[in-house]
Amino acid sequence: MKQALIIGAGISGITAARILAEHGFQVTVLEKRDHIGGNVYDYYRDGVLIHKYGPHLFHTNFLKVAEFVQRFAEFFPYEHKVLGDVEGKLVPIPFNFKSIDILFPPEKAKKLKQSLLEEYPNVSSVTIMELLKSGKKEIKELANYVYQYVFYGYTRKQWGKPPEEMDSSVMGRVPVRLSYDNRYFTDLFQKMPRFGYTELIKKMAGHNQISIRYSCDALKYLTIEQNNIYWDGELFQGPVIYTGCIEELKGKCFGELPYRSLHFELEDRPVAQVQPVVQINYPNRYSYTRTSEFTLIQPEKKTDHTILVYEYPIPCTKEEIPYYPIETKENRELYEKYKQALAPIKNLYLLGRLAEYQYYNMDTTIKQAMDLAERLIGEETNGSSKREQGKEPN
Ligand code: UDP
């Protein structure tokens, strides 16, 4: 039987595992932690579904991804709303017309909204970086204000660097809205799995041709010699999909590739609800970036208690879990060095946030995993490999 090896039982590894298994592969998944799901793992605490590794809100414009995930769980509609603490007032994030109304006197607010609509006709949002480039005095002032009160402090806390050192795509994820649309995301599909991500991923992995080994550090069993992969001392010729930190495959020979990590504190409260919305961002106060009240996502809310989760960004030392690649020019160059060094290994495929060093959302991760698995199935059927086809390694 065709064999595939997948390192990492997170959302990307398990998506690929499922598709390969459905097409006749025998898939072995090696997972370092003692649970499935990677950073989308969630669990119940006193009846509240807690996202152990921070808020994961599912949204996508990829029909194929929406269809795929719904094979494994019931989903219910959920549109994420976020408020930001700006000068002591809670305003919608992404910053929108309502945020302007709350923060500025009525006449000033009216003028600002008018200027924005004139300057950016027919668009629903602009990034803060675009806004800062505006030649119009009023808009420039607003841009500076939003940059200062919404982006600067949050980004410093989140990344440990000022916004100008980060790739502009990072802040571009949260635009400035030129309307009263107060949803955090605008994707067509915005729904959450009824019983959480852990259940969803368990179902996805529930195939008799998938076996998962937990608490297994794959790098103890994998060796790479002369661009061949050996598993437990034996040459492994099937596809090896690696979803861990790329530099670990090369023993960090070019140096550390930096990541940002997170620390969470949970606070139980004996009331039904504390926050007006699930998430509140604190760009300008405290050392945490945001608080999440997951109780409010659940369709049946508890009435006797709720839980607040405080999120503190921290440097990613050896002991910490990597959450985010830090997208700077320098780090991207270092990543490319590792990627080039691994390129000659013809049956190695890099997948997901850590192996690709990309700030992917869940749906993109799933799409990449689906695309890769489909490509491997196609190559298997046609009897060719990526090297024979002269393809760029991913
Ligand atoms: N951001 C910000 N202020 C906010 C929200 C986001 O400055 O109130 C910036 C910050 O740099 C953050 C990035 O936008 O890291 C992306 O935010 P997102 O909410 O997408 O982060 P995630 O949920 O992925 O941690």
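Only a predicted model underlies this, so the values are computations on that prediction, with no experimental measurement involved. Both ligands and their constituent atoms are indexed starting at 1 by order of listing.
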Open item on the list: Could you check whether Tyr359 and Trp159 have their ring centres less than 6.0 Å apart?
Closed with: yes
TODO: Check ligand 1 against Phe151 and write out every atom of the ligand that is under 4.0 Å from a heavy-atom position of the residue.
DONE: 2 (C), 7 (O)
TODO: Could you find the nearest protein heavy atom to atom 3 (N) of ligand 1 and give me its residue, atom name and distance?
DONE: Val150 O, 2.9 Å
- [ ] Check Tyr152 against ligand 1 and report side chain, backbone, both or neither, counting heavy atoms closer than 4.0 Å.
- [x] neither
TODO: Determine, using heavy atoms of Met166 and all atoms of ligand 1, whether some pair is separated by less than 4.0 Å.
DONE: no
Task: Connected via hydrophobic side-chain network under 4.5 Å: Leu235 and Ile224 - done: no
Open item on the list: How far is atom 15 (O) of ligand 1 from the closest protein heavy atom, and which atom is that?
Closed with: Trp159 NE1, 2.9 Å
- [ ] Answer yes or no on whether Lys2 is positioned over the face of Phe25, meaning its NZ or CZ is under 6.0 Å from the six-membered ring centre and within 45° of the axis.
- [x] yes
Open item on the list: A side-chain contact here means heavy atoms from C-beta on lying under 4.5 Å apart; do Ile139 and Tyr120 qualify?
Closed with: yes
Task: Residue Tyr324 vicinity, atoms of ligand 1 by number, heavy atom under 4.0 Å - done: 22 (P), 24 (O), 25 (O)
Open item on the list: For atom 11 (O) of ligand 1, what is the closest protein heavy atom, and at what distance to 0.1 Å?
Closed with: Thr155 OG1, 2.8 Å
Open item on the list: Do Leu112 and Glu138 make a side-chain contact, defined as non-hydrogen atoms from C-beta onward lying under 4.5 Å apart?
Closed with: yes
TODO: May I ask you to check whether Tyr145 and Phe104 place their ring centers less than 6.0 Å from one another?
DONE: yes
Open item on the list: So if I count the atoms of ligand 1 from 1 in the order they appear, which ones are less than 4.0 Å from some heavy atom of Tyr359?
Closed with: 16 (C), 18 (P), 20 (O), 21 (O), 22 (P), 24 (O), 25 (O)
Task: Non-hydrogen side-chain atoms of Ile246 and Leu354 separated by less than 4.5 Å - done: no
TODO: Could you tell me which atoms of ligand 1, counted from 1 in the order shown, lie closer than 4.0 angstrom to a heavy atom of Gln158?
DONE: 15 (O)
Open item on the list: Can you tell me which portion of His80 lies within the under-4.0 Å heavy-atom range of ligand 1? Options are side chain, backbone, both, or neither.
Closed with: neither
TODO: Return the residue, atom name and 0.1 Å-rounded distance of the protein heavy atom closest to atom 6 (C) of ligand 1.
DONE: Val174 CG2, 3.7 Å
Task: For atom 1 (N) of ligand 1, closest protein heavy-atom neighbour - done: Tyr154 CD2, 3.7 Å
Open item on the list: Taking distance alone, with N or O pairs closer than 3.5 Å, would you say Ile93 contacts ligand 1?
Closed with: no
Task: Validation row: Leu116, Leu142 side chains within 4.5 angstrom (heavy atoms) - done: yes
Open item on the list: Looking only at protein heavy atoms, which one is nearest to atom 13 (C) of ligand 1, and what is the separation?
Closed with: Val170 O, 3.5 Å
Task: Shared hydrophobic cluster for Tyr324 and Tyr312 (ILVMFWY, side-chain gaps under 4.5 Å) - done: no
Task: Nearest-contact summary for atom 20 (O) of ligand 1 - protein heavy atom, Å - done: Arg173 NE, 2.8 Å
TODO: If the plane angle is over 60° it's perpendicular, under 30° parallel, otherwise tilted; pick one for Tyr357 and Tyr335.
DONE: parallel
Open item on the list: I need the nearest protein heavy-atom contact for atom 18 (P) of ligand 1: residue, atom name and distance, please.
Closed with: Tyr184 OH, 3.7 Å
Open item on the list: As an exercise, identify every atom of ligand 1 less than 4.0 angstrom from a heavy atom of Arg290.
Closed with: 22 (P), 23 (O), 25 (O)
Open item on the list: Looking only at the aromatic ring of each residue, does the gap between the centers of Phe62 and Phe68 stay below 6.0 angstrom?
Closed with: no
TODO: For Asn281, counting its heavy atoms only, list the atoms of ligand 1 lying under 4.0 Å from any of them.
DONE: 4 (C), 5 (C), 8 (O)
